[in-house]
Undergrad: 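Structure below; questions to follow.
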Amino acid sequence: MSIDKAEDLDTFMEGVISRNPGEPEFHQAVHEVAMDIIPFIADKPAYKDMRILERMTEPDRVVSFRVVWEDDQGELRVNRGFRVQQNNSIGPYKGGIRFHPSVNQGVLKFLAFEQVFKNSLTGLPLGGGKGGANFDPKGRSDDEVMRFCQAFMTELQRHIGPDTDVPAGDIGVGAREVGFLFGQYKRLVNRFEGVLTGKALDFGGSHIRTEATGYGAVYMMEKMLSHHNEHLEDRTCLVSGSGNVATYCAEKLIENGARVLTLSDSGGVIYAKDGITTEHLEYVKELKNKRRGRIKEAADEFGLKFYKGKTPWGIAGELVFPCATQNEIDVKDAKVLIKNGARAVCEGANMPTTPDAIHIFSSVKDLLHAPAKAANAGGVAVSGLEMSQNSLRLKWSETEVDERLRQIMVDIHDECVEHGVQKGGHVDYSKGANIAGFTKVANAMLAYGVM
Ligand code: NDP
């Protein structure tokens with residue numbers, strides 16, 4: 001069913017679901033956007049008649065490919081790689097690469113769709129894409145990871161380029177993997193160019209890129225609170241995950257005087273009643289990035305509580321930062337968080353809250369909720385700044401990049417307020433982010449005509 005004939009959201013979603021069978025995460029991401037955009041365009045015939053929202057749900061292209069590599073025992077392994085190039089109306093495709101056994105086309109389409117809105121919100125000239133493979137780097141040696149990355153890039157390189165599509169890291173793709181991927185790209189095309197972001201500082205990376213998503217989420221929380229005449233200091237915080245986003249989110253919270261009670265991984269959660277310290281955090285970074293160990297080891301090392309198989313959401317805390325993965329907060333968790341006095345939720349991970357849990361959050365008057373596409377846009381924003389520095393053949397200082405990041409997060413916050421403020425002053429940050437992100441891309445698509 002096409003959008004111009006769609007009476008309502010349900011009709012529109014029936015069309016999306018029938019065109020994209022078996023992709024529940026993608027349906028969920030589109031639904032979250034369509035809920036706000038369908039009413040917004042109801043009296044805007046230009047967007048409706050040109051079927052802009054319907055067109056935005058169709059990726060420009062999806063590439064799927066075989067990745068064959070050899071493990072340390074000499075056995076051949078076969079994985080599947082993808083790149084979803086969702087929309088390049090306002091700039092080259094941009095979005096991370098995820099290596100995780102749960103990766104499939106539907107998951108990457110959800111992430112690519114979200115990325116379009118997020119990148120638009122940053123105010124930088126960045127389109128949206130996402131890629132990855134169903135490869136699990138956990139338990140693999142450095143040599144195995146290198147061989148996988150080289151095999152993956154051998155195919156991916158023909159679809160990307162500094163003005164075409166510029167990938168970055170995501171779950172399972174950190175500094176080590178970006179190094180292997182960039183090295184193989186450079187070898188194959190015989191050019192040193194800014195085709196990946198998240199590179200190390202020695203070969204074209206930007207200061208603050210590693211920290212950007214976590215720091216950005218904290219800047220967003222700070223701004224949401226100050227907009228409501230509150231502040232971060234002394235607030236209790238629940239952070240999930242112990243990867244890139246989680247550790248730098250915790251770092252910035254600690255620096256700003258907040259008390260971080262938790263970190264987690266898929267094995268369980270650690271709880272520090274008096275707050276995670278800088279010493280704990282440095283240990284966790286080394287544990288996760290170098291030794292590739294489990295979060296339980298941090299509990300054992302410092303005598304902290306460890307709850308096996310649990311998430312942070314059963315612990316009482318005021319500020320909630322889901323920074324691990326999609327759908328990690330469900331209805332039950334949302335109810336417990338609210339009962340325990342949660343004041344604000346800032347989504348470091350992509351789509352970490354199920355639709356029913358979002359509904360619970362939005363039913364609580366005055367609970368602040370920054371959706372992922374606004375709250376975690378700091379990572380892609382600094383990736384955009386890394387692209388600018390690569391093009392200029394310049395490197396900006398740490399302070400300069402951090403100031404730009406902070407300003408971008410403040411601007412995103414203010415755009416959400418502009419488009420999401422309700423009667424009585426309550427801000428619907430999701431609605432604000434969806435409308436602000438949509439409008440720029442939609443206007444560019446209108447300008448290009450029918451394509
Ligand atoms: P990392 O791989 O560095 O860390 C992921 C963390 O989440 C690990 O602690 C991991 O634990 C945990 N995790 C992953 N899957 C699950 C699961 N199914 N259940 C419980 N825990 C899980 O990834 P990032 O920190 O880079 O990414 C985290 C989130 O942030 C993702 O949603 C990503 O898309 C999003 N994001 C990341 C950006 C970036 O710049 N890196 C930018 C914007 C968004 P374990 O080791 O046990 O798997």
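Whatever order the structure lists them in is the order used to number ligands and atoms, beginning at 1.
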Undergrad: Have Y429 and N434 got a donor and an acceptor in their side chains that come within less than 3.5 Å?
TA: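 No donor-acceptor contact under 3.5 Å links the two side chains.
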
Undergrad: Once you restrict to heavy atoms under 4.0 Å, what part of K138 touches ligand 1? Side chain, backbone, both or neither.
TA: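 Contact part for K138 vs ligand 1: side chain (C-beta onward).
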
Undergrad: Kindly state if atom 10 (C) of ligand 1 has a protein heavy atom within a strict 4.0 Å cut-off, that is, under 4.0 Å?
TA: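 Not a single protein heavy atom is under 4.0 Å away.
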
Undergrad: Nearest to atom 2 (O) of ligand 1 by heavy atom, G172, G214, G243: which?
TA: G172

Undergrad: Select one of side chain, backbone, both or neither to describe which atoms of S264 lie under 4.0 Å from any atom of ligand 1, heavy atoms only.
TA: backbone

Undergrad: Using a strict 4.0 Å cut-off to heavy atoms of N376, name the atoms of ligand 1 that fall inside it.
TA: 43 (C), 44 (C)

Undergrad: So, 4.0 Å and heavy atoms of R98: is ligand 1 close enough to count as a contact?
TA: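 It does, in that a heavy atom of R98 comes within the 4.0 Å cut-off of ligand 1.
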
Undergrad: Tell me whether the NZ or CZ atom of K305 lies within the 45° cone about the ring axis of Y271 and under 6.0 Å from its centre.
TA: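 No, K305 and Y271 do not form such a contact.
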
Undergrad: I want to confirm something. Looking only at heavy atoms, which of T325, N327, N350 is nearest to atom 17 (C) of ligand 1?
TA: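 Minimum heavy-atom distance to atom 17 (C) of ligand 1 goes to T325.
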
Undergrad: State the atoms of ligand 1, each with its element, that fall below the 4.0 Å cut-off from a heavy-atom position in G241.
TA: 9 (O)

Undergrad: Relative to ligand 1, is C323 under 4.0 angstrom through side chain, backbone, both or neither, heavy atoms considered?
TA: backbone

Undergrad: For ligand 1, note which part of D265 has a heavy atom under 4.0 Å away: side chain, backbone, both or neither.
TA: both

Undergrad: Please state which part of Q326 comes within less than 4.0 Å of ligand 1, counting heavy atoms only: side chain, backbone, both or neither.
TA: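 No part of Q326 is near ligand 1 at this cut-off.
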
Undergrad: Under 4.0 Å from any heavy atom of A349, which atoms of ligand 1 are there?
TA: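 Checking each atom against A349, I get 29 (C), 30 (O), 32 (O), 35 (C).
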
Undergrad: Under the salt bridge (Lys or Arg N to Asp or Glu O under 4.0 Å) rule, collect the residues that match up with R61, sequence neighbours excluded.
TA: none

Undergrad: In the protein, which heavy atom is nearest to atom 27 (O) of ligand 1, and how far is it?
TA: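 For this ligand atom, the closest protein heavy atom is I171 CG1, 3.6 Å.
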
Undergrad: Would you kindly specify which portion of R209 sits under 4.0 Å from ligand 1, judged on non-hydrogen atoms: side chain, backbone, both or neither?
TA: side chain

Undergrad: Measuring from atom 22 (C) of ligand 1, which candidate in G267, G96, G169, A324 has the nearest non-hydrogen atom?
TA: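 Considering heavy atoms of G267, G96, G169, A324, the nearest to atom 22 (C) of ligand 1 sits in A324.
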
Undergrad: Strictly below 4.0 Å, N to O, side chains only: are R406 and E222 in salt-bridge contact?
TA: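 Yes, charged N to carboxylate O under 4.0 Å.
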
Undergrad: Using a distance-only test with no angle check, is there a side-chain donor-acceptor pair under 3.5 angstrom linking N350 and K118?
TA: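 Their side chains do contain a donor-acceptor pair, which is all the 3.5 Å distance test asks for.
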
Undergrad: Out of L263, T247, T213, indicate the one that has the non-hydrogen atom closest to atom 39 (C) of ligand 1.
TA: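 Among L263, T247, T213, the closest heavy atom to atom 39 (C) of ligand 1 belongs to T213.
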
Undergrad: Scan residues 306-362 for pairs that pass ring pair (Phe, Tyr, Trp, His ring centres under 6.0 Å), counting only residues two or more places apart or in two chains.
TA: F361-H369

Undergrad: Of all the heavy atoms in E328, does at least one lie under 4.0 Å from an atom in ligand 1?
TA: no

Undergrad: Can you tell me the protein heavy atom closest to atom 34 (O) of ligand 1 and the distance?
TA: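 Scanning the protein heavy atoms, the shortest distance from atom 34 (O) of ligand 1 goes to D170 OD1, 2.6 Å.
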
Undergrad: Looking only at distances, please establish whether an N/O atom of ligand 1 is found under 3.5 Å from an N/O atom of V245.
TA: yes

Undergrad: So, N390 versus K199: side-chain donor-acceptor pair below 3.5 Å or not?
TA: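 Note: N390 and K199 side chains meet the donor-acceptor criterion.
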
Undergrad: Please state which protein non-hydrogen atom is closest to atom 3 (O) of ligand 1 and give its distance, to 0.1 Å?
TA: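 Of the protein heavy atoms, N244 N, 2.9 Å lies nearest.
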
Undergrad: Tell me whether E144 is salt-bridged to R77, with the criterion being a basic N under 4.0 Å from an acidic carboxylate O.
TA: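 No, this pair does not count.
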
Undergrad: If you measure every N or O of S242 against every N or O of ligand 1, does any of those distances drop under 3.5 Å?
TA: yes

Undergrad: Which ligand 1 atoms are under 4.0 Å away from a heavy-atom of G348?
TA: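 That gives atoms 30 (O), 35 (C), 44 (C) of ligand 1.
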
Undergrad: Distance alone, cut at 3.5 Å: any donor-acceptor contact between the side chains of E155 and H159?
TA: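 E155 vs H159: donor-acceptor pair found between side chains.
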
Undergrad: Are K186 and F192 in a cation-pi contact, defined as NZ or CZ under 6.0 Å from the six-membered ring centre and within 45° of the axis?
TA: no

Undergrad: Does one side chain, of R209 or S383, offer a donor that lies under 3.5 Å from an acceptor on the other?
TA: yes

Undergrad: Under a 3.5 Å threshold, yes or no: a donor from one side chain and an acceptor from the other, between Q28 and N327?
TA: yes

Undergrad: Where is the nearest protein heavy atom to atom 47 (O) of ligand 1: which residue, which atom, and how far?
TA: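 Heavy-atom neighbour on the protein nearest atom 47 (O) of ligand 1: S266 OG, 2.4 Å.
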
Undergrad: For E318, is there an ion pair with R235 - N to carboxylate O distance below 4.0 angstrom?
TA: yes

Undergrad: Do D170 and K130 sit within salt-bridge range, that is, some charged N less than 4.0 Å from a carboxylate O?
TA: yes

